[in-house]
Amino acid sequence: MSSAVKWVIALLVVVAAVWLLWYSGWVKLPLGQSTDQSAAINQAATSTANATPQAAPTNGMSAQNDASDAGLAQDAAAIDAQAQGLSSDASNIDASLNDKPVTQAY
Amino acid sequence: MKTNSLLRWSISLALFGGALVPALASAQTASTTTVAHPKLEARMAARALATSTAATKAIANAQAKADQEITRRIASLNDLNTRVQAMQKVTDAFKQSLSTNVQAQIAGLTALKAKIDADTDVATLKTDIKAIADSYRVYLLVLPQSRIAAAADRVVTIAGMMTTLGAKLQTRIAAAQGAGTDVTALTAALNDVTSKLTDAVAQAQKAVSTTAPLTPDNGDKTKAAANTASLKAAKGDIQTATKDLQAARKDVQTILAGLKKLPKATGSATSTAPTSAPASL
């Protein structure tokens with residue numbers, strides 16, 4: 001085997017070794033970010049986000065910290081809509097308690 | 001000689017007549033019987049056809065009535081299942097349990113309908129139609145039981161929404177008080193809101209705890225009466241809860257009207273989230 005070929009093989013082995021060391025986290029390369037660093041940043045971002053959770057408003061209510069006149073009016077309207085639904089639920093209870101079956105032929 | 005001939009003729013004549021008369025009589029009888037049978041047979045055939053047609057019509061009528069009842073029940077059970085899926089304050093397990101119960105009812109009724117539609121004899125049809133009446137005992141409980149649970153869920157949902165609104169109102173009232181406004185009436189109204197919401201949730205929970213353990217009466221009249229009494233009592237609890245919510249809503253309106261009369265504050269109003277956990281069933 002010529003010496004050039006030997007050099008090429010040796011270079012490939014060194015590159016492979018360095019890559020393995022980088023992949024396993026033993027070596028931190030200056031170019032780009034390691035997967036561990038990315039994970040840490042993501043974790044920090046997530047923790048920051050979780051520290052001040054903003055629950056999404058439900059049933060048509062305004063934002064949980066919106067006490068403006070508009071927010072209060074929106075909340076009152078959302079409650080009134082649910083009250084309509086409760087009225088319908090009550091009617092359904094009455095209908096179910098007063099249910100009459102169709103008279104059968106036999 | 002003449003006498004002998006005459007005698008001979010007379011005897012011959014008598015013998016001939018004696019043979020002739022029965023023959024004539026027999027011929028007449030045969031002719032009258034042949035004329036009577038076709039009419040009778042036609043009458044009997046017509047009667048049989050009429051009976052068969054009436055029976056077929058009766059079966060078809062019974063099947064139509066049975067289909068009508070089953071279709072009616074399946075429609076109301078499907079509507080109920082949709083409502084159950086929209087419940088917000090119960091656990092997923094409870095919701096799934098209700099839904100499974102309802103789906104089982106629907107599946108049973110669907111299979112029964114197919115069987116009834118395929119029945120061709122009266123005896124089998126009667127048995128299958130009786131099964132409709134038997135399954136009705138379950139339907140008579142499952143429907144109001146689930147409707148009460150859905151209404152209770154709605155009560156708790158509304159109470160949660162009004163609690164959130166109450167926290168915002170508290171913020172506004174506190175700000176007004178800080179600005180030197182007399183907020184006694186507004187504070188009293190807000191306290192009443194809290195009191196009414198607490199009772200509304202309690203009534204809703206009572207309605208569910210009363211009806212959830214009920215089981216079908218299976219024809220037991222005493223049990224049927226007890227189930228009906230429990231269901232009606234739960235309906236009363238829901239009505240009380242509804243009145244509480246209506247009273248709380250009036251208090252909210254009083255507060256909103258009072259806040260509108262206050263001088264406008266500069267800057268946007270914000271509030272903190274309510275510290276109490278939302279109620280659940």
Side chain, backbone, both or neither: which part of [X] has an atom under 4.5 Å from a heavy atom of chain A?
X       : answer
A241(B) : neither
R73(B)  : neither
I148(B) : both
I59(B)  : both
L143(B) : both
L80(B)  : neither
Q88(B)  : side chain

Considering only heavy atoms and a distance below 4.5 Å, find which of [options] pairs most often with chain A.
options                           : value
L140(B), L165(B), D153(B)         : L165(B)
A58(B), A151(B), S146(B), A175(B) : A151(B)
L245(B), N61(B), I238(B), T242(B) : T242(B)
R154(B), K65(B), E69(B)           : R154(B)

Could you state the interatomic distance from [atom1] ([X]) to [atom2] ([Y]), rounded to the nearest 0.5 Å?
X       : Y       : atom1 : atom2 : result
M61(A)  : T164(B) : CE    : OG1   : 4.5 Å
Q246(B) : L86(A)  : CD    : CG    : 8.0 Å
I116(B) : Q104(A) : CD1   : CD    : 7.5 Å

Is the shortest side-chain heavy-atom distance between [X] and [Y] below 4.5 Å?
X       : Y       : value
L259(B) : L72(A)  : yes
L97(A)  : R147(B) : no
D75(A)  : M161(B) : no
P101(A) : R72(B)  : yes

So which part of T103(A) gets closer than 4.5 Å to some heavy atom of chain B, the side chain, the backbone, both or neither?
backbone
Side chain, backbone, both or neither: which part of A78(A) has a heavy atom under 4.5 Å from chain B?
both
Would you indicate whether K95(B), at its atom NZ, is surrounded by more than 12 heavy atoms from other residues, nucleotides or ligands within a distance under 6.0 Å?
yes
Quick check on the interface: out of S96(A), S87(A), A105(A), who has the most heavy-atom pairs with chain B under 4.5 Å?
S96(A)
Give a yes or no on whether the backbone of A67(A) and the side-chain of R172(B) come within a donor-acceptor separation of less than 3.5 Å.
yes
Counting N and O atoms only, with roles assigned by atom type, does the side chain of K168(B) sit under 3.5 Å from a partner on the main chain of D66(A), one being a donor and the other an acceptor?
yes
